[in-house]
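Below: the structure, in structure tokens.
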Amino acid sequence: GLARSESLFQPAVVSSAGAVGLAQLMPATAEETAKRLRLDSYDLTKPFDNLTLGAAYLQRVADSLGGRVLPALFSYNAGPTRFRRWEAAAPNYPHDLLLETLSYEETRQYGRNVAGAAVAYAALYGEDDVRKFLAYILGEE
């Protein structure tokens with residue numbers, strides 16, 4: 001869902017902000033993540049490299065947020081500092097309601113897009129219980 005929403009599966013796409021590839025990684029974020037993974041070389045336009053780094057970065061963000069998937073996506077899109085401010089302004093909100101309070105329309109739509117795509121792919125590719133999967137994304141399980 002993330003790669004579809006970030007790049008529409010275009011491996012060499014570069015955003016106006018300079019984010020590169022399928023997972024739309026900023027070069028500095030990719031470099032830091034590559035060091036953590038002990039990767040000596042990588043090419044952000046190569047799907048394997050980009051998705052390896054993007055998945056590792058998303059996992060790190062999710063881990064820093066206690067495994068909360070939807071908040072991790074907000075942070076991935078808008079940055080951890082901005083996300084912390086949003087969360088502080090809406091403490092203890094359910095993740096789907098928090099989504100609707102975000103001050104960036106881009107991040108609100110991004111959250112909807114990634115979650116929707118993830119659920120669609122789960123249904124298409126064999127997730128046994130799609131409702132349970134959605135509840136997981138929303139932090140309800």
With a 4.5 Å cut-off on side-chain heavy atoms, are [Y] and [X] touching?
X: Glu100; Y: Tyr93; result: no
X: Glu87; Y: Phe74; result: no
X: Arg85; Y: Thr81; result: yes
X: Pro11; Y: Lys46; result: no
X: Leu98; Y: Phe83; result: yes

Which heavy atom in [X] sits nearest to a heavy atom in [Y], and how many Å separate them?
X: Gly1; Y: Ala117; answer: CA-CB, 3.6 Å
X: Leu134; Y: Val119; answer: CD1-CG2, 3.7 Å
X: Ala78; Y: Tyr104; answer: CB-CD2, 4.5 Å
X: Phe133; Y: Ala118; answer: CE2-O, 3.5 Å
X: Asn77; Y: Glu106; answer: ND2-OE2, 3.5 Å

What's the separation between atom [atom1] in [X] and atom [atom2] in [Y], rounded to the nearest 0.5 Å?
X: Leu99; Y: Gln109; atom1: CG; atom2: CD; value: 8.5 Å
X: Leu97; Y: Asn92; atom1: CG; atom2: CG; value: 11.5 Å
X: Asn113; Y: Thr107; atom1: CG; atom2: OG1; value: 11.0 Å
X: Leu25; Y: Glu31; atom1: CG; atom2: CD; value: 12.5 Å

List for me each residue that meets side-chain contact (heavy atoms from CB on, under 4.5 Å) alongside Leu124, sequence neighbours excluded, and say none if there are none.
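Leu124 satisfies side-chain contact (heavy atoms from CB on, under 4.5 Å) with Tyr121 once adjacent residues are dropped.
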Can you name the residues that form a side-chain contact (heavy atoms from CB on, under 4.5 Å) with Val14, not counting sequence neighbours?
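In terms of side-chain contact (heavy atoms from CB on, under 4.5 Å), with neighbours along the sequence ignored, Val14 is linked to Val20.
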Could you state whether Leu22 and Leu73 fall into the same hydrophobic cluster, counting links through intermediate Ile, Leu, Val, Met, Phe, Trp or Tyr residues with side-chain heavy atoms under 4.5 angstrom apart?
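The answer is no; the residues belong to distinct hydrophobic clusters.
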Let me check something: any side-chain donor-acceptor pairs from residues 54-66 under 3.5 Å, sequence neighbours excluded? List them with distances.
from  : atom 1 : to    : atom 2 : distance (Å)
Gln59 : NE2    : Asp63 : OD1    : 2.7
Arg60 : NH2    : Glu32 : OE2    : 3.0
Ser64 : OG     : Val61 : O      : 2.7

Expected output: side-chain Thr52 to main-chain Phe48 donor-acceptor under 3.5 Å
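Looks like yes, one N/O pair under 3.5 Å.
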Quick check: does any side chain N or O of Asn50 sit under 3.5 Å from a backbone N or O of Thr45, one acting as donor and the other as acceptor?
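Between the backbone of Thr45 and the side chain of Asn50 there is no qualifying donor-acceptor contact (under 3.5 Å).
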Run the numbers on Leu53 and Leu39 for side-chain contact (heavy atoms from CB on, under 4.5 Å), then give the verdict.
CA-CA 10 Å; Leu53 293 169; Leu39 295 178; 3.8 Å; yes
Salt bridge (Lys or Arg N to Asp or Glu O under 4.0 Å) partners of Glu105, counting only residues at least two apart:
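For Glu105 the salt bridge (Lys or Arg N to Asp or Glu O under 4.0 Å) partners, ignoring immediate neighbours, are Arg108, Arg112.
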Which pairs pass side-chain hydrogen bond (donor to acceptor under 3.5 Å, both in side chains) with one or both residues in residues 124-137, sequence neighbours excluded?
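Sorted pair list comes back empty.
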Any side-chain hydrogen bond (donor to acceptor under 3.5 Å, both in side chains) pairs touching residues 2-28, not counting sequence neighbours?
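Sorted pair list: Glu6-Tyr110.
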Between Trp86 and Ser103, does any side-chain donor sit less than 3.5 Å from a side-chain acceptor?
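Result is yes, a qualifying pair exists.
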